Each structure stands twice: as structure tokens, then as C-alpha cells.
Amino acid sequence: MSYCITLIHGTFAKDAPWTLENSAFCNQLRLHLGDDILINEFNWSGKNSHQSRISASLALAEKLKQQTIDHPNDRKIIFAHSHGGNIAMYALREIDIANEKFELITMATPFLHPKKGKLIDNLEPYLKLIPISALAILGLFWILILMIFIVVLYQDKHLYIYVVSLTGIFIVLGNYLFVPYFKKYLKRKFDLLPDIIDNLIEKISVEKLKNDLSMLIVIDRWDEIKLFFAGLSSIWRVIHALHIALVIFARNSNKLFLLCLFLSAILSKINFNLPVDWLLYFCGILLFFWMLFPGISLLFSFSLYFFRSNIFVLGRESIYEQLFIPIKISIKPADFKKSDFIQYNLKRRNLLKHSIYVYEEVIYDICNWIKGNKKESVKPD
């Protein structure tokens with residue numbers, strides 16, 4: 001039997017050595033499948049973003065369509081490593097695989113399962129978070145400038161009174177002027193999101209293939225996708241609840257600060273020898289926490305983005321998109337009727353186990369699967 005084989009590398013692996021025709025991987029294929037093999041290397045940018053993978057899939061689709069013309073009688077098999085597997089699946093959506101038979105073998109692929117998130121219908125927490133965080137950052141710069149200005153020019157021992165009072169006025173005015181304006185601006189931007197989100201979900205969904213695509217999924221039991229990138233997503237709910245609570249506190253505490261500042265000003269004018277320093281100290285502490293809590297909230301928020309979007313797997317653009325598209329990462333696509341699964345427990349040769357294609361045992365079992373001698377699969381945990 002003649003084979004037309006396409007090899008697709010993963011992220012950050014352009015011109016990957018294993019895809020070259022005389023590589024150890026290709027030599028192992030010839031050893032087990034015979035010499036009647038045509039090997040095609042598909043090179044793409046290797047950039048870690050949805051758009052790069054989608055663009056690569058369109059180029060791959062054209063190449064696969066040409067194979068059906070040039071090699072109509074060959075058995076067409078795609079070997080794809082890591083995100084190369086997602087590129088292959090996107091490309092196969094563009095082909096009538098019910099009539100043009102392609103088989104896909106994925107090696108350590110992080111399969112993506114997108115869905116429209118509930119957050120797209122409830123943007124209020126983020127409309128609060130972003131302006132307040134921006135105002136807190138501006139407040140910190142304001143304090144720094146005030147301290148330098150007063151210390152250098154006036155060398156006043158009552159520095160803290162000026163700093164607290166002027167910063168408080170800045171923050172309170174910002175709450176009632178800057179934050180509402182910024183929220184309206186963000187609202188206009190967020191109104192455009194539903195169409196963007198729907199379009200992206202359509203581009204990275206592979207539901208169309210689940211009934212017709214014949215595929216083999218190969219992964220190691222301790223692959224980083226399974227241990228790290230998929231596992232951390234379970235933490236996001238706690239982080240989300242914490243940072244929303246901090247935002248609400250920061251948003252409401254400005255009224256308490258304004259009241260304390262007003263009392264300080266009134267009491268300082270009344271000649272009853274009442275100590276007002278404690279109120280100013282309290283204002284300073286409250287002001288500190290006012291700016292600290294949005295900062296903590298912002299850190300929590302970025303942690304949330306990381307845990308949910310896993311930017312090392314999905315790319316930097318996912319920080320923005322994952323707010324609205326929860327993408328579950330798994331070692332196996334859901335509900336694919338013609339898929340087989342092999343899971344290994346390989347001895348670690350190096351720090352990472354992601355490069356599963358270097359193991360001769362893996363190549364041998366894949367070739368047996370191609371020849372119809374299927375290895376008993378191990379179900380994922």
C-alpha cells in the first residue's frame with residue numbers, strides 16, 4: 001500500500017527536525033510501513049495565537065485538497081504534534097472528509113473546547129474593575145509626584161496632611177468624573193464583543209468532524225498538558241470571587257473616605273483642642289487600602305485570565321478572549337466516534353514529556369494502528 005503522509009510541527013517549532021524527510025522519525029516510519037511512502041512536511045509560523053493557527057489551517061487545507069488530486073489512490077495520513085493537531089482539524093473542516101478519506105494522528109495535542117461564556121451577559125464587574133484599577137494606578141503616581149514636589153520645594157514636616165488631603169480629593173473626584181466616563185467608553189467597546197466572540201468560537205470549533213474523522217490520539221500519562229495547563233483551570237472560581245469582592249469594596253469605600261476627610265476639615269477649624277490627626281491617619285490608611293485593593297484585584301484578575309486562558313497554550317490574545325470564551329483544554333476531543341486513544345507512561349528522558357514523537361515505542365504502536373493492529377488503549381483519567 002502507498003502512503004501519502006503529512007507531518008505538522010507544533011508551536012515554536014518551525015522547521016522542526018523530526019518533520020524532515022531523513023529524520024529518525026521518518027526513518028522509523030519507513031522501517032515499519034515500507035518504502036512506498038511519500039512524506040510531505042507542512043511548515044507554518046509556529047506562533048502561539050488562534051489567528052496564526054487558523055491562517056495555517058487554511059494553507060494546509062489547500063495542500064490537502066491538492067493531495068486528493070495528485071494521489072487519489074494513496075492512503076492519506078496526517079501526523080500532527082501539539083497545536084499542529086488543532087491546525088489539522090481546522091483544515092479538515094474545509095474538506096469533504098466523508099468522501100475524501102484522511103486519517104489524523106495527534107501526538108500530545110491540547111484539544112480546545114470553546115463555548116460562549118456567561119460573562120458576556122454580565123459585564124458589570126469588569127466595567128467596575130478596569131476603571132477603578134486605572135484610577136488607583138493614577139493615584140499612586142499622583143502621590144509620588146506630590147511627595148517629591150512638597151519635600152523638594154517646601155520641606156514641610158506636615159507632608160502627610162497635604163498628601164492625604166490632595167490625594168483624597170483626586171481619588172474622590174476621579175470616582176465621580178473619571179470612572180463613569182471610562183465605564184461608558186468600555187461599554188461601547190464591550191457592545192461589539194458578542195459578534196467577535198461568536199466568530200471566534202466558530203473558527204476554533206471542530207464539532208463538524210466528530211462523526212466522520214478517523215483519528216488516533218497519542219499522549220503520555222504525565223504530559224504537561226494534562227498535569228499543568230488543564231489542571232490549573234479549576235482554581236479560577238475562587239480567584240474570580242475574591243477579585244470581584246475587592247472591587248466592590250474599593251468602589252464603595254470612597255464615600256467613607258470622603259466623610260472622614262470632611263470631618264477632619266470641620267474639626268480642625270473648631271477650637272476645642274480636639275485631635276484631628278487620628279482622622280487624617282485613618283484617611284491615609286483608608287486611602288492606602290483604596291488603592292491597594294484594586295491593585296490586588298487586578299492581580300487576581302490577571303491570575304484569573306492566566307488560569308482560565310493558559311496563555312502558554314492558547315497564546316497572548318487569549319487573555320482578552322478568555323473573559324468571554326471559556327476554552328477547556330483536554331487531552332482528548334469530545335464525542336469523536338471514530339477515535340482511538342493510546343496513553344503511555346514513558347520514562348522521562350528530559351524535563352518535558354511533550355515531545356512524544358522521539359520514542360520508538362510510540363512510533364511502533366502508531367504504525368501498528370495504521371496497519372490495523374490496534375494497541376489496547378488506556379483510557380484517560
Side-chain angles (χ1 to χ4, degrees), residues 5-21 23-26 28-29 39-61 63-64 77-93 102-114 203-204 206 209 213 215-230 309-318 327-333 339 341-344 346 348-360 362-363 365-366 380:
I5 291 177
T6 303
L7 306 180
I8 309 172
H9 62 80
T11 308
F12 306 130
K14 190 175 182 180
D15 300 313
W18 72 275
T19 62
L20 302 178
E21 189 167 351
S23 66
F25 181 85
C26 293
Q28 284 288 317
L29 292 182
I39 294 178
N40 302 281
E41 174 193 4
F42 179 74
N43 238 329
W44 61 288
S45 69
K47 294 180 179 179
N48 189 18
S49 69
H50 293 309
Q51 189 55 52
S52 296
R53 292 186 284 271
I54 291 168
S55 298
S57 71
L58 297 176
L60 176 61
K63 188 168 185 175
L64 296 180
I77 303 173
I78 302 170
F79 286 77
H81 175 246
S82 191
H83 265 309
N86 289 312
I87 291 172
M89 296 180 83
Y90 300 160
L92 291 171
R93 289 182 311 190
F102 281 88
E103 296 165 273
L104 174 61
I105 299 169
T106 65
M107 300 176 288
T109 290
F111 294 99
L112 311 181
H113 308 278
K203 286 182 177 180
I204 62 178
V206 292
L209 301 174
L213 179 61
M215 65 185 301
L216 172 66
I217 301 109
V218 181
I219 197 165
D220 182 72
R221 179 180 178 84
W222 305 112
D223 188 275
E224 287 70 32
I225 295 170
K226 184 175 181 180
L227 286 181
F228 179 69
F229 295 123
S309 66
N310 296 318
I311 58 175
F312 294 129
V313 171
L314 301 177
R316 63 185 182 277
E317 63 191 351
S318 66
I327 298 181
K328 180 183 178 183
I329 303 169
S330 73
I331 58 174
K332 191 175 183 181
S339 65
F341 184 91
I342 302 178
Q343 180 175 273
Y344 293 91
L346 300 167
R348 190 174 290 269
R349 289 185 179 178
N350 47 39
L351 182 60
L352 299 178
K353 298 291 288 291
H354 200 51
S355 301
I356 196 170
Y357 50 78
V358 302
Y359 295 88
E360 293 183 5
V362 173
I363 303 172
D365 289 335
I366 289 174

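Side-chain atoms are counted along with the backbone in the values below, which use heavy atoms only and exclude waters and symmetry mates. This one's a predicted model, so the numbers in the text were calculated from it and none came from an experiment.
Between atom CD1 of residue I87 and atom CG of residue L92 there is a gap of 12.0 Å, rounded to the nearest 0.5 Å. Here the straight-line distance linking atom NE2 of H83 with atom CG of N48 works out to 5.5 Å at 0.5 Å rounding. For the atom pair I8 CD1 and N40 CG, the distance stands at 10.5 Å (nearest 0.5 Å). Residue H81 holds its NE2 atom at 14.0 Å from CD1 of I105, rounded to the nearest 0.5 Å. Atom CE of M107 sits about 13.5 Å away from atom CG of D220, to the nearest 0.5 Å. The distance from atom CG of L104 to atom CD1 of I78, rounded to the nearest 0.5 Å, is 5.5 Å.
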Hey, mind stepping through L60 and Y90 against side chain to side chain contact (heavy atoms under 4.5 Å, CB included) and telling me if it holds? CA-CA 9 Å; L60 176 61; Y90 300 160; over 6 Å; no

Side chain to side chain contact (heavy atoms under 4.5 Å, CB included) between V206 and L213, intermediate numbers included: CA-CA 10 Å; V206 292; L213 179 61; over 6 Å; no

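When atom types are taken as modelled, the side chain of S55 and the backbone of Q51 share a donor-acceptor pair closer than 3.5 angstrom. Checked by atom type and distance alone, the side chain of R53 never pairs as donor or acceptor with a backbone atom of T11 at under 3.5 Å. Judged by distance alone, with hydrogens and angles left aside, the side-chain atoms of H9 form no donor-acceptor pair with the main-chain N or O of P17 at under 3.5 Å. T109 contributes a side-chain N or O that, together with a main-chain N or O of S82, makes up a donor-acceptor pair within less than 3.5 Å.
Between M215 and L209 there is no side-chain heavy-atom pair separated by less than 4.5 Å. Contact check for I217 versus F111: side-chain heavy atoms found under the 4.5 Å cut-off.
There is a side-chain donor-acceptor pair under 3.5 Å between D365 and Y344.
Centroid-to-centroid, the aromatic rings of F79 and F25 come within less than 6.0 Å.
Note on ring orientation: taking the six-membered ring where Trp is involved, the planes of Y357 and W18 are parallel (angle under 30°, cut-offs 30° and 60°).
For the residue pair A91 and S57, the shortest heavy atom distance occurs at CB-O, 3.3 Å. Among all heavy-atom pairs drawn from I219 and I356, the shortest one is C-CD1, 3.5 Å.
By the 6.0 Å and 45° rule, K332 stacks over the aromatic ring of F341.
Within 6.0 Å of NZ in K14 there are 12 or fewer heavy atoms belonging to other residues, nucleotides or ligands.
For the side-chain contact (heavy atoms from CB on, under 4.5 Å) criterion with C26, the lone passing option out of I363, I5, L20, L7 is L7.
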